[in-house]
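Please read these numbers as outputs of a predicted model, since none were measured by experiment.
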Amino acid sequence: QVQLVESGGGSVQAGGSLRLSCAVSGYTISTYCMGWFRQAPGKEREEVARINTFGDTIRADSVKGRFTISRDNAKNTLYLQMNSLKPEDTAMYYCASDRGAPAYCGGAYQLKLTYWGQGTQVTVSS
């Protein structure tokens with residue numbers, strides 16, 4: 001049974017940092033392309049960052065230079081380090097994997113959410 005469990009969210013002031021974790025069970029984390037997504041109330045879901053099976057990463061323009069996606073294969077856990085947080089980063093954050101994605105899952109490929117977690121709330125106050 002596949003499970004993705006996010007943690008690490010919380011409330012911080014603008015300029016602060018948080019590290020989100022996504023503990024994966026049921027498959028080896030490096031098998032599929034994975035990503036972090038977020039959704040704020042009244043807004044569409046947005047992909048924040050992705051990591052392919054080779055460890056290459058892509059980040060959305062809105063978080064470049066501030067967020068870093070990584071994974072620990074030994075712990076089978078995906079991370080999102082978020083620095084210099086802004087109020088507009090406030091959202092529910094989800095990790096997800098795409099079982100059908102090509103190994104490189106480059107920027108032209110739209111990640112599909114085959115498996116996803118319950119989400120963790122991030123709130124940034126000004």
Between [X] (side chain) and [Y] (backbone), is there a donor-acceptor pair under 3.5 Å?
{"X": "Glu46", "Y": "Phe37", "answer": "no"}
{"X": "Arg99", "Y": "Thr114", "answer": "no"}
{"X": "Thr53", "Y": "Ala103", "answer": "yes"}

Please report the shortest heavy-atom distance between [X] and [Y], naming the atom on each side.
{"X": "Leu113", "Y": "Ala96", "value": "CG-CB, 3.5 Å"}
{"X": "Arg66", "Y": "Ser84", "value": "NH1-O, 2.9 Å"}
{"X": "Gly107", "Y": "Ile58", "value": "N-CD1, 3.4 Å"}
{"X": "Ala14", "Y": "Pro87", "value": "CB-CD, 4.1 Å"}
{"X": "Gly119", "Y": "Met92", "value": "C-SD, 3.7 Å"}
{"X": "Gly9", "Y": "Thr120", "value": "N-OG1, 3.0 Å"}

The criterion is ring-ring contact (aromatic ring centres under 6.0 Å, His included); which residues satisfy it with Tyr109, sequence neighbours excluded?
none
Do [X] and [Y] come within less than 4.5 Å of each other through their side chains, counting heavy atoms only?
{"X": "Asn73", "Y": "Ser30", "result": "yes"}
{"X": "Glu47", "Y": "Gln110", "result": "no"}
{"X": "Arg38", "Y": "Arg45", "result": "no"}

At what distance, to the nearest 0.5 angstrom, does [atom1] of [X] lie from [atom2] of [Y]?
{"X": "Ser70", "Y": "Gln81", "atom1": "OG", "atom2": "CD", "value": "8.0 Å"}
{"X": "Gln13", "Y": "Ser125", "atom1": "CD", "atom2": "OG", "value": "5.0 Å"}
{"X": "Ser17", "Y": "Asn83", "atom1": "OG", "atom2": "CG", "value": "3.5 Å"}

Salt bridge or not for Arg50 and Asp56, using N-O below 4.0 Å?
no
Once salt bridge (Lys or Arg N to Asp or Glu O under 4.0 Å) is applied, do any residues pair with Lys64, and if so which ones, sequence neighbours excluded?
Asp61
May I ask you to establish whether Arg19 and Tyr79 are in a cation-pi arrangement, using a distance under 6.0 Å from NZ or CZ to the six-membered ring centre and at most 45° from the ring axis?
yes
Test side chain to side chain contact (heavy atoms under 4.5 Å, CB included) applied to Asn76 and Thr28, step by step
CA-CA 7 Å; Asn76 221 40; Thr28 300; 4.3 Å; yes
Is the closest side-chain donor-acceptor distance between Gln1 and Ser25 under 3.5 Å?
no
Under 3.5 Å side-chain donor-acceptor pair for Thr77 and Asp72:
no
Can you confirm whether more than 12 heavy atoms, excluding those of Lys75, are under 6.0 Å from its NZ atom?
no
Neighbour count above 12 (heavy atom, 6.0 Å) for Phe54 CZ
yes
Hydrophobic cluster mates of Ile51, side-chain heavy atoms under 4.5 angstrom, ILVMFWY only, any path?
Val2, Leu4, Val12, Leu18, Leu20, Val24, Tyr27, Ile29, Tyr32, Met34, Trp36, Val48, Val63, Phe67, Ile69, Leu78, Leu80, Met82, Leu85, Tyr93, Tyr115, Val122, Val124
